[in-house]
K.L.:
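Before we start, here is the structure in question, set down as structure tokens.
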Amino acid sequence: MTGAAMVVLDTDFDGARFLAACITHGARRLHYIALAPRPVNAGQLPSPWREQWPPHVRGLHRMVSRDGQVTLDLLIGEPGASLAQLAVRVDEVVLAWVPPSMAVLARLMSDGARMQALQLDDAQRMALGRLGFAFDDSRLRAVFRAGQKPVEAVPVIERRAIVIGAGVAGSAACERLAARGWQVTLVERHAQPASEASGNLAGIFMPLLSSDDNIPTRLVRAAYLYALRYWATLGGVGTAFDGASCGVLHLARDSEHAQVQRRIAASGDYPPEFARWLEADEASAMLGANAPDGAWWFAQGGWARPSSACAAMLDACGERLTRLFSSSALTLVRVDHQWLVLDAAGVVIATAPTVILAAGTGAVHFTQAAGLPLYAVRGQVTHLDQASLPTHPFVVCRESYMTPPHEGVVCVGATYDAQDDDASLRPSSQQDNLDKTAAILGVPPFEAPLAGRTGFRCMAPDRMPLVGALPDPGVPRRCEQLRDVPRWPGLFGLLGYASRGLTWAPLAAELLACQLEGEPLPLESQLLAAIDPGRFVLKERRRAQ
């Protein structure tokens, strides 16, 4: 994947226009961004696009052609709000829907960008002219001239990076960079990938719903839907790696919780293929036990083995990946625009202009990341023999989860224990898992041999990930916005995935790769700000100013 893409914005998606653009973009890569305020009939599109087409839920949905030459970003939702959340420079605009304020459009235009309108009245044409659009004789075509607007220089990128940490975060970063032609060195202190937080036998993937469609809900939804498409490009869950898109039955906690869920279902925001509310009789029939408060059915959800997913992502990197396992990276030093990674003996084990910390809470052991507010939360999973309890062909969850049996083992859990570093299996934590499982299944309390695994979730105070350039709090600077926060040159983080590492990893890696390449980003501006690693420094400095 080489050369800058042609970036086209279509203010009202039309399949014929999109396909025509795919044909006419020539040898140059095409990045097509389209607003979609109404459901789209994807049945008219070729199969590669039909297979990726998202459900009609709000947000930015990224799809990529099989050869990687065409990227389609579909923004579903109210068009004005969608346009306002874009942070991109476009080379061409198809003005099918005219925004009430033209300034939002001018903000996105590159100098010399072309515009083709489907229809314009004189007032709209005059407003665009005042903003720098020069029309030709057709009165529907124009070229944008930036005037005093500074033209941004395109940086020259040296495509070499070091990724520290071989869990799902680091493995996804390796794959997304290698797909863009980067040479990546992966440093991992264990002998195998996914040896810490990503080492559980099963991770669950499903969306998050809320009555106000808040930022965490929108972020998880975007990550979940992107992950489903991304895994399909690797070969699919259950094929490229262990797991199954078997569906998730998420039971309401109680009657009050169920009432909130019914209001969400009644809003009509979610099509049934994405999320379907089941009342008590249908939920109970699926569960084979009493589910008096109903449940959500997430048909595309399921489980996967993180270590297997890591292996698939790393294998996809091919020869662009160098693996340094059983290698402890303890120190980072910046010399002549290069990062040096040193081991415990002070020996340089890798050098590159870009370093990505994906080592969970281990990141804070590096001086440059010591100030990040990350902490570990212990979580114990219990492994049960499938003969010891009723099982299901799908994931069941309420306060805890239960996977379908795989190789004779059912995983239940995981606990949220106090912040400590005790990795041993605790009978008390196991009993907590068993009690919650018995309550879900409506069976008497039971015992089981002590078996399972303890992992440590990497979390931030707001339980949101940290994705992007890491702040350098040692540089004094007044900060009013995130762009004011000082950053370490060439140092980035993929951290704080909490309980959703499997879901978060693909989208976060894609986002970081796009930031490094200067490509259009796969998230709206408001969501980008919510996961920026500089948000904590910004908050502190705003308080101090």
K.L.:
Does Arg180 come within less than 4.0 Å of Glu175, counting only side-chain N to carboxylate O?
P.N.:
no
K.L.:
So, does His392 use its side chain to make a donor-acceptor pair with the main chain of Leu287 at under 3.5 Å?
P.N.:
yes
K.L.:
Between Thr503 (side chain) and Ala223 (backbone), is there a donor-acceptor pair under 3.5 Å?
P.N.:
no
K.L.:
So which heavy atom on Gly534 is nearest to which on Leu482, and how close?
P.N.:
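That would be C-CD2, 3.7 Å.
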K.L.:
A side-chain contact here means heavy atoms from C-beta on lying under 4.5 Å apart; do Thr403 and Val412 qualify?
P.N.:
no
K.L.:
Which distance, rounded to the nearest 0.5 Å, do you find between the CG of Asp269 and the CZ of Arg221?
P.N.:
8.0 Å
K.L.:
Determine whether Arg276 and Glu282 satisfy the following criterion, salt bridge (Lys or Arg N to Asp or Glu O under 4.0 Å), listing intermediate values before the conclusion.
P.N.:
CA-CA 11 Å; Arg276 185 164 68 92; Glu282 193 172 359; 2.9 Å; yes
K.L.:
Just verifying a value: how many Å separate Trp297 CH2 and Met286 CE, rounded to the nearest 0.5 Å?
P.N.:
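Separation between the atoms: 4.0 Å.
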K.L.:
Could you give the distance from CG (Leu234) to CZ (Phe241), rounded to the nearest 0.5 Å?
P.N.:
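CZ of Phe241 is found 6.5 Å from CG of Leu234.
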K.L.:
Are the ring centres of Trp231 and Phe205 closer than 6.0 Å?
P.N.:
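Centroid separation for Trp231 and Phe205: below 6.0 Å.
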K.L.:
Look at Arg229 together with Glu510 and state whether they make a salt bridge at an N to O cut-off of under 4.0 Å.
P.N.:
no
K.L.:
Give a yes or no on whether Arg28 atom CZ has more than 12 heavy-atom contacts from other residues, nucleotides or ligands under 6.0 Å away.
P.N.:
yes
K.L.:
Under a 4.5 Å cut-off applied to non-hydrogen side-chain atoms, are Leu9 and Leu83 in contact?
P.N.:
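Yes, side chains in contact.
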K.L.:
Are a donor atom and an acceptor atom from the side chains of Tyr32 and Asp73 found within less than 3.5 Å of each other?
P.N.:
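Not at all, the side chains of Tyr32 and Asp73 share no donor-acceptor pair under 3.5 Å.
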K.L.:
State, with a plain yes or no, whether a side-chain heavy atom of Val184 is found less than 4.5 Å away from one of Ile356.
P.N.:
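Not in contact.
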K.L.:
Please evaluate residues Val187 and Ile162 with respect to the criterion side-chain contact (heavy atoms from CB on, under 4.5 Å), reporting the C-alpha separation (whole Å), side-chain torsions for both, the decisive distance (0.1 Å), and the verdict.
P.N.:
CA-CA 7 Å; Val187 181; Ile162 300 163; 3.9 Å; yes
K.L.:
Determine whether a donor-acceptor pair (N or O, by modelled atom type, separation under 3.5 Å) exists between the side chain of Ser171 and the backbone of Val168.
P.N.:
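No.
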K.L.:
Check whether the side chains of Ser499 and Arg457 place a donor and an acceptor atom closer than 3.5 Å, and report yes or no.
P.N.:
yes
K.L.:
Just by distance, no angles: are the side chains of Gln44 and Trp49 close enough, under 3.5 Å, to form a donor-acceptor pair?
P.N.:
no
K.L.:
Checking side-chain contact (heavy atoms from CB on, under 4.5 Å) for the pair Glu524/Leu86: CA distance, chi angles, key distance, verdict?
P.N.:
CA-CA 6 Å; Glu524 304 96 311; Leu86 276 179; over 6 Å; no
K.L.:
Kindly write out the residues that satisfy side chain to side chain contact (heavy atoms under 4.5 Å, CB included) with Asp462, not counting sequence neighbours, or none if the list is empty.
P.N.:
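Asp462 satisfies side chain to side chain contact (heavy atoms under 4.5 Å, CB included) with Ala460, Met464, Arg535, Phe536 only.
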K.L.:
Will you find, in the side chains of Arg218 and Gln526, an N or O donor that is under 3.5 Å from an N or O acceptor?
P.N.:
yes
K.L.:
So, taking the atom named CG in Leu495 and the one named CD1 in Ile531, what distance separates them when rounded to the nearest 0.5 Å?
P.N.:
11.5 Å
K.L.:
Please walk me through it: do Glu399 and Arg253 pass side-chain contact (heavy atoms from CB on, under 4.5 Å)?
P.N.:
CA-CA 7 Å; Glu399 288 88 353; Arg253 292 190 300 271; 4.0 Å; yes
K.L.:
Using the ring of each side chain (for Trp, its six-membered ring), is Phe13 parallel, tilted or perpendicular to Phe18, with breaks at 30° and 60°?
P.N.:
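Phe13 vs Phe18 ring planes: tilted.
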K.L.:
Once you round to the nearest 0.5 Å, how far does SG of Cys22 lie from CG of Leu30?
P.N.:
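If I round to the nearest 0.5 Å, the distance is 5.5 Å.
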K.L.:
Show the nearest heavy-atom pair for residues Gln368 and Trp488, with the distance to one decimal.
P.N.:
O-NE1, 3.1 Å
K.L.:
Looking at Trp97 and Pro79, would you say the former's side chain and the latter's main chain have a donor-acceptor pair under 3.5 Å?
P.N.:
no
K.L.:
I'd like to check Cys246 versus Pro393 (side-chain heavy atoms, cut-off strictly below 4.5 Å). Are they in contact?
P.N.:
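They are not in side-chain contact.
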K.L.:
Any heavy-atom pair between the side chains of Leu208 and Arg500 that's under 4.5 Å?
P.N.:
yes
K.L.:
Can a cation-pi geometry be assigned to Arg487 and Phe492, taking NZ or CZ under 6.0 Å from the six-membered ring centre and within 45° of the ring axis?
P.N.:
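Judged by the rule (NZ or CZ under 6.0 Å from the ring centre, within 45° of its axis), Arg487 is not positioned above Phe492.
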K.L.:
Please report the shortest heavy-atom distance between Gly167 and Ser198, naming the atom on each side.
P.N.:
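So the minimum-distance heavy-atom pair works out to CA-OG, 3.6 Å.
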K.L.:
Could you give the distance from CG (Leu523) to CG (Leu60), rounded to the nearest 0.5 Å?
P.N.:
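If we round to the nearest 0.5 Å, Leu523:CG and Leu60:CG are 7.0 Å apart.
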K.L.:
With side chains defined as the heavy atoms from C-beta onward, is the minimum distance between Leu186 and Ile164 less than 4.5 Å?
P.N.:
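No, their side chains stay 4.5 Å or more apart.
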K.L.:
For Leu75 versus Ser82, what's the shortest heavy-atom pair and its separation?
P.N.:
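Looks like CD2-O, 3.9 Å.
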K.L.:
If only atom types and distance count, is the side chain of Thr11 paired as donor or acceptor with the main-chain N or O of Ala96 below 3.5 Å?
P.N.:
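It does hold such a pair.
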K.L.:
Given side chains that start at C-beta, do those of Ile76 and His61 come closer than 4.5 Å, heavy atoms only?
P.N.:
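Yes, close enough: below the 4.5 Å cut-off.
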K.L.:
Charged N to carboxylate O under 4.0 angstrom, Asp484 versus Arg541?
P.N.:
no
K.L.:
Determine, using ring centers only, whether Tyr270 and Trp277 are less than 6.0 Å apart.
P.N.:
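No - the distance between ring centres of Trp277 and Tyr270 does not fall below the 6.0 Å cut-off.
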K.L.:
Go through the steps to decide whether Arg66 and Glu51 satisfy the test side-chain contact (heavy atoms from CB on, under 4.5 Å), and finish with yes or no.
P.N.:
CA-CA 11 Å; Arg66 288 173 180 166; Glu51 292 161 4; 3.2 Å; yes
K.L.:
Counting distance only, does the side-chain N/O of Asn200 pair as donor-acceptor with the main-chain N or O of Ala202 below 3.5 Å?
P.N.:
no
K.L.:
Tell me if a side-chain donor or acceptor on Arg159 pairs with a main-chain N or O of Leu177 at a distance below 3.5 Å.
P.N.:
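No; zero donor-acceptor contacts below 3.5 Å.
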K.L.:
Is the shortest heavy-atom distance from the side chain of Ile157 to the side chain of Leu516 under 4.5 Å?
P.N.:
no
K.L.:
Any donor-acceptor pair under 3.5 Å linking the side chain of Ser210 with the backbone of Thr217?
P.N.:
no
K.L.:
Quick check: does any side chain N or O of Glu517 sit under 3.5 Å from a backbone N or O of Glu519, one acting as donor and the other as acceptor?
P.N.:
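Flag not set: sc Glu517 to bb Glu519 has no pair under 3.5 Å.
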K.L.:
Would you find a donor on one side and an acceptor on the other, under 3.5 Å apart, between the side chain of Arg320 and the backbone of Cys174?
P.N.:
no
K.L.:
Which donor-acceptor pairs under 3.5 Å do the side chains of residues 298-315 make with protein atoms, sequence neighbours left out?
P.N.:
{"unit_1": "Arg305", "atom_1": "NE", "unit_2": "Leu201", "atom_2": "O", "d": "3.2"}
{"unit_1": "Ser308", "atom_1": "OG", "unit_2": "Asp242", "atom_2": "N", "d": "2.9"}
{"unit_1": "Asp315", "atom_1": "OD1", "unit_2": "Arg323", "atom_2": "NH2", "d": "3.2"}

K.L.:
Can you establish whether the number of heavy atoms outside Arg50 located under 6.0 Å from its atom CZ is more than 12?
P.N.:
yes
K.L.:
Identify the two heavy atoms, one from Ala352 and one from Arg160, that lie closest to each other, and give their separation to 0.1 Å.
P.N.:
CA-NH1, 3.6 Å
K.L.:
When you check the side-chain N and O atoms of Arg378 and Gln380, is any donor under 3.5 Å from an acceptor?
P.N.:
yes
K.L.:
Between Arg176 and Ala509, which heavy-atom pair has the shortest distance, and what is it?
P.N.:
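In terms of heavy atoms, the two residues are closest at CG-CB, 3.6 Å.
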K.L.:
Take Arg58 and Asp213 through the test salt bridge (Lys or Arg N to Asp or Glu O under 4.0 Å) and record every step on the way to the result.
P.N.:
CA-CA 9 Å; Arg58 286 189 295 270; Asp213 201 36; 3.1 Å; yes
